[in-house]
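The structure appears below as C-alpha cells.
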Amino acid sequence: MKNKKKSSNAAPHMPGPRGNLKQNGASILRTVKKLFGFYPVLAPLTIVCILFSAIVSAIPSLFIQKILAVVTKWMETGDWAAARPEILRYLAVLVSLYILSLISVTTYTQIMAVMTQGFMNKMRCELFGGMQDLPIRYFDTHKHGDIMSHYTNDIDTLRMLVSQAIPTIIQSSAVLLTAFAIMLYFSIWLTLVLLVGVAAMVMVSGKFGGFSARFFLQQQKAIAATEGNVQEMMNGIKVVKVFCHEEQSIEEFDRVNNELYEVSSKANAYANALGPIIGNIGNILYTLIALVGGVLILTHAPSLSLSGKIFDVTILVPFMNMTKQFTGNINTLAQNMNMIIMAGAGATRVYSLMDEQAETDEGYVTLVNANISEDGSITETEEHTGKWAWRHPHGDGTLTYTELKGDVRLTDVDFAYVEGKTVLQDVTVFAEPGQKVAFVGATGAGKTTITNLINRYYDIADGKIRYDGINVNKIKKHDLRRSLGIVLQETNLFTGTVMDNIRYGNLDASDEECIAAAKLAGADGFISRLPQGYNTLLSNNGSNLSQGQRQLIAIARAAVADPPVMILDEATSSIDTRTEAIVQRGMDKLMEGRTVFVIAHRLSTVMNSDIIMVLDHGRIIERGSHEELIAAKGVYYQLYTGAFELE
C-alpha cells in the first residue's frame with residue numbers, strides 16, 4: 001500500500017467477485033506449484049496418503065449395503081451358519097482398511113507439519129531475497145508496516161493454505177468423487193436428485209464466495225494499513241508525547257482500525273453464512289432423497305442401477321448415509337471457504353511483492369583487486385592488495401583496467417523524482433581524486449539528491465555521471481557502491497555488538513582494524529567506557545546510546561570500509577560543538593587522499609573544503625573555495641555572516 005491514503009469508500013473500485021476469485025485462484029495454484037517445487041517427493045506422498053484415507057472413509061457404505069443384504073437373506077432363511085463367515089469377512093476387511101487409513105493419516109499429518117514450516121521458511125527467504133533486489137524507490141513509496149505485513153499476516157495465510165485448506169480440498173474432493181461413483185452405482189434416479197441439490201450448493205457457494213473474496217482481499221490490505229500505523233506511532237512516540245498528540249494518534253488508529261473492522265465483518269459475514277446455508281440445503285436434500293427413495297420402493301419403479309440390483313431398503317439406507325457424507329463434505333469445503341479465500345488474498349499480496357520489478361543493472365564494468373607496478377601497468381589478482389581497479393571488457397573481446405582513484409564528474413545533470421517536478425537542473429560537478437567538495441543550501445535544494453545519483457539509487461534523466469572516466473551506467477551497481485563510503489544523517493545501527501556494527505562496513509576487518517577506525521572517528525573514548533566495551537550489545541537501533549554516540553559509530557563504520565570516495569551527509573549534525581572538534585580531526589585524517597562529498601548545514605565543517613557549491617532549487621548558483629566565496633560576497637557570504645539562515 002502506497003503512502004497515499006485511500007478513503008474507506010474506495011470499495012467500488014475494487015475488482016469484482018469474479019476478478020478476485022480468478023486472481024486468488026491463480027495465487028493458490030501458484031502456491032501449490034511452489035510446494036511441489038520445494039518438496040518434489042514429500043508433496044506427492046502426502047497427497048497419496050490423503051487420497052487413500054479419504055477413499056477409505058467413503059467405502060463403508062458399500063460394505064454396509066453388502067452386510068444388510070446378507071442380514072436380510074439370513075432373516076429370510078434363518079441360516080446363520082452361512083451368513084456369519086460372510087459378515088465376519090466384510091468386517092475384517094473394514095477393520096484392515098481403517099488400520100491402514102490410520103497409518104496413512106498419521107503419516108501425512110507428520111509430513112505436513114514438516115512441509116508447512118519448511119514452506120513458510122523458504123517463502124520468507126525467497127521474499128526477503130527478492131526484496132534486496134528492489135530499488136530504493138520502492139521503499140520510499142511504500143509504508144514499512146505494509147511491507148512487514150507481507151512477512152507476518154500474509155505469509156501466515158499461506159500456512160493455513162498449505163496445512164489446512166489444501167488437504168481439506170483434496171480430502172473432501174476425493175470423498176465426493178468416491179461417494180458419487182458409489183451412489184451412481186447404486187441408483188441413477190437418486191443420483192439425479194442429488195445433482196439438483198449439488199447445483200444449488202455450487203450456485204450459492206459461487207455467489208457468497210465471490211463477495212467474501214472481495215472483502216478478504218480488502219481485509220489483508222486493511223491489516224497492513226493498521227500495522228503501518230502502529231509502527232509509525234511507535235517510531236515517533238517521543239514526538240507524539242512532546243507535542244501532546246495522543247488524542248489525534250488515537251483517532252487516526254481508530255480510523256484505520258474501524259476500516260479493518262468493517263471489511264473483516266463483511267468478509268466473515270459472507271463466509272460464515274455460507275456453511276449454515278449449505279448445511280440446510282444438505283438437510284433438505286437428505287429428506288428429499290429419503291422421500292424419493294421411499295416412493296421408488298413403494299411403487300416398485302423400474303431400477304436404474306449400474307449394479308443391476310433391484311432397488312430396495314438395502315440400497316436406500318447406505319445411499320442416504322452417503323448423501324449425508326456427500327453434503328457434509330460440501331459443507332466442510334464451504335466452512336473452509338473463508339480460510340481458502342483469505343489464503344488466496346494473502347498469497348496474492350505475497351506474490352505482488354515477489355513480482356515487483358527488481359532494480360535493473362546493465363553494468364558490466366566490475367571492481368577487482370589489482371597490482372599496480374611502478375610504470376603504472378595494472379594486473380588483476382585474487383589477493384587483497386589494498387589497490388583496486390575497474391575491469392572493463394570491450395566489444396572486441398579485449399580487457400582494459402583503470403585504477404580506482406575516485407575521480408567523480410557530473411555533467412549537465414537533470415533529475416526528477418516525479419515526472420514533471422524537476423529537482424536538479426543542469427548540475428555540473430567536478431571532483432578530482434583527493435578533493436573535498438561541499439554542498440550547502442536550504443533544505444530541499446538538492447544536496448542529498450546529488451549523492452543519491454552518484455550511488456545510482458536513482459538514475460538521471462539527462463546528462464552524464466562519470467567515475468574515473470567511466471560512465472556509471474556501465475559500472476555494476478554492487479561494485480560502484482563498494483567503492484563508496486557513506487555516513488548518513490539518519491544513523492541506523494543493527495542488533496549486535498558495537499564491534500559488529502563497526503565491522504558492518506567491512507566484514508573482513510579484524511578487531512584491531514575496527515578499533516583503529518573507532519579511534520580515527522573519535523568513538524573509542526566513549527566505547528571503552530561502555531559496560532562491555534566493544535562487546536556491548538546494541539538493540540532497537542542503539543537506543544541505549546546518545547544520538548551523537550550513534551553517529552560516531554556510523555562514522556567508524558565508514559572508516560573501516562576504507563573507500564576511495566566518501567559521502568558525508570550531515571555526518572556531524574547530531575554531535576555537539578566540542579565533540580565535533582574531536583571528530584573533525586579524525587574526519588580530516590579519514591578524508592586524506594580520498595574524494596569527499598560533504599553535505600552540511602554547519603558552515604564550520606565545510607570551510608576547509610577545496611570546493612564549496614551553493615545550491616538553490618536544484619541549481620548550483622555559486623562555487624569556489626571558502627575564501628573565494630567570502631570575497632565574492634554572494635549568497636555564501638550572507639550565510640556565513642548570518643545575513644541569511646539555512647532553512
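We use all heavy atoms of the structure for the numbers below, so side chains are in, but hydrogens, waters and symmetry mates are not.
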Over all atoms of both residues, closest heavy-atom pair of Gly496 and Asn501: O-ND2, 3.9 Å
Any side-chain heavy-atom pair of Phe180 and Leu195 under 4.5 Å: yes
Euclidean distance, Ile330 CD1 relative to Met201 CE, rounded to 0.5 Å: 5.0 Å
Shortest non-hydrogen separation from Thr31 to Ala347 and the atoms involved: OG1-CB, 4.0 Å
Verdict with supporting geometry, Thr46 and Tyr39, side-chain hydrogen bond (donor to acceptor under 3.5 Å, both in side chains): CA-CA 10 Å; Thr46 302; Tyr39 299 100; over 6 Å; no
Check: Thr109 and Val105 side chains under 4.5 Å, non-hydrogen atoms: yes
Flag if over 12 foreign heavy atoms under 6.0 Å of CZ, Phe139: yes
Electrostatic pair Arg137:Asp140 at N-O distance under 4.0 angstrom: no
N/O donor-acceptor pair under 3.5 Å between Ser53 side chain and Ile50 backbone: yes
Approximate separation, where rounding is to 0.5 Å, of Ile166 CD1 and Ile28 CD1: 7.5 Å
Short side-chain to backbone donor-acceptor contact, Asn280 and Pro276, under 3.5 Å: yes
Spatial distance of atom SG (Cys49) from atom CD (Gln171) [nearest 0.5 Å]: 11.5 Å
Residues Glu359, Arg481: salt bridge by 4.0 Å N-O rule: yes
Other residues, nucleotides, ligands: >12 heavy atoms within 6.0 Å of Tyr417 OH: yes
Gap between atom CG of Leu291 and atom OH of Tyr286 - 0.5 Å precision: 13.0 Å
Leu480 and Arg456, any side-chain heavy atoms less than 4.5 Å apart: yes
Minimal non-hydrogen separation, Arg482 against Leu367, with atom names: NH1-O, 3.9 Å
Heavy atoms of other groups near Lys266 NZ, more than 12 under 6.0 Å: no
Donor-acceptor pair between Asp154 and Thr157 side chains, under 3.5 angstrom: no
Criterion side chain to side chain contact (heavy atoms under 4.5 Å, CB included) on Ile281 and Thr327, from CA distance to verdict: CA-CA 8 Å; Ile281 292 176; Thr327 57; over 6 Å; no
Heavy-atom neighbours of Phe52 CZ exceed 12 at 6.0 Å: yes
Atom CD of Gln132 with >12 non-hydrogen neighbours under 6.0 angstrom: yes
Check: Ser101 side chain, Tyr98 main-chain N or O, donor-acceptor pair, under 3.5 Å: no
Derivation of the side-chain hydrogen bond (donor to acceptor under 3.5 Å, both in side chains) call for Asn329 and Lys324: CA-CA 9 Å; Asn329 275 275; Lys324 202 71 175 175; over 6 Å; no
Side chains of Arg159 and Gln164 in contact at under 4.5 Å (non-hydrogen atoms): yes
Rounded distance (nearest 0.5 Å) linking atom CZ of Arg30 with atom OG1 of Thr348: 10.0 Å
Nearest-0.5 Å distance, CG of residue Asn258 to OG of residue Ser264: 11.0 Å
Derivation and outcome, side chain to side chain contact (heavy atoms under 4.5 Å, CB included), residues Val365 and Lys476: CA-CA 6 Å; Val365 177; Lys476 279 192 174 294; over 6 Å; no
Side chains of Ile182 and Phe319 in contact at under 4.5 Å (non-hydrogen atoms): no
Check against side chain to side chain contact (heavy atoms under 4.5 Å, CB included), Ile47 and Phe36: CA-CA 11 Å; Ile47 290 178; Phe36 274 78; 3.1 Å; yes
Check: His142 side chain, Ile147 main-chain N or O, donor-acceptor pair, under 3.5 Å: no
Asn455 side chain vs Tyr457 backbone, donor-acceptor pair below 3.5 Å: no
Donor-acceptor contact present, side-chain Thr287 to main-chain Asn283, <3.5 Å: yes
Taking every non-hydrogen atom, the tightest pair across Asp361 and Ile475: OD1-O, 4.0 Å
Enclosure of Met148 CE (heavy-atom neighbours >12, cutoff 6.0 Å): no
Test item: Tyr138 and Leu353 side chains (from C-beta on) under 4.5 Å apart, heavy atoms: yes
Leu127 vs His150, side chain to side chain contact (heavy atoms under 4.5 Å, CB included): CA-CA, chis, key distance, verdict: CA-CA 9 Å; Leu127 195 64; His150 288 83; 4.0 Å; yes
Residue pair Leu537 / Thr497: nearest heavy atoms and the distance that separates them: CD1-N, 4.0 Å
Where Gln357 and Leu134 come nearest, the two heavy atoms and their spacing: O-CD2, 3.7 Å
4.5 Å side-chain heavy-atom contact, Ser249 and Phe253: no
Asp254 (side chain) donor-acceptor with Glu251 (main chain) under 3.5 angstrom: no
Side-chain heavy-atom pair Lys34, Glu126 within 4.5 angstrom cut-off: yes
Tabulate below the donor-acceptor pairs under 3.5 Å that side-chain atoms of residues 112-125 make, not counting sequence neighbours, or state none.
{"from": "Thr116", "atom 1": "OG1", "to": "Met112", "atom 2": "O", "distance (Å)": "2.7"}
{"from": "Arg124", "atom 1": "NE", "to": "Tyr151", "atom 2": "O", "distance (Å)": "3.3"}

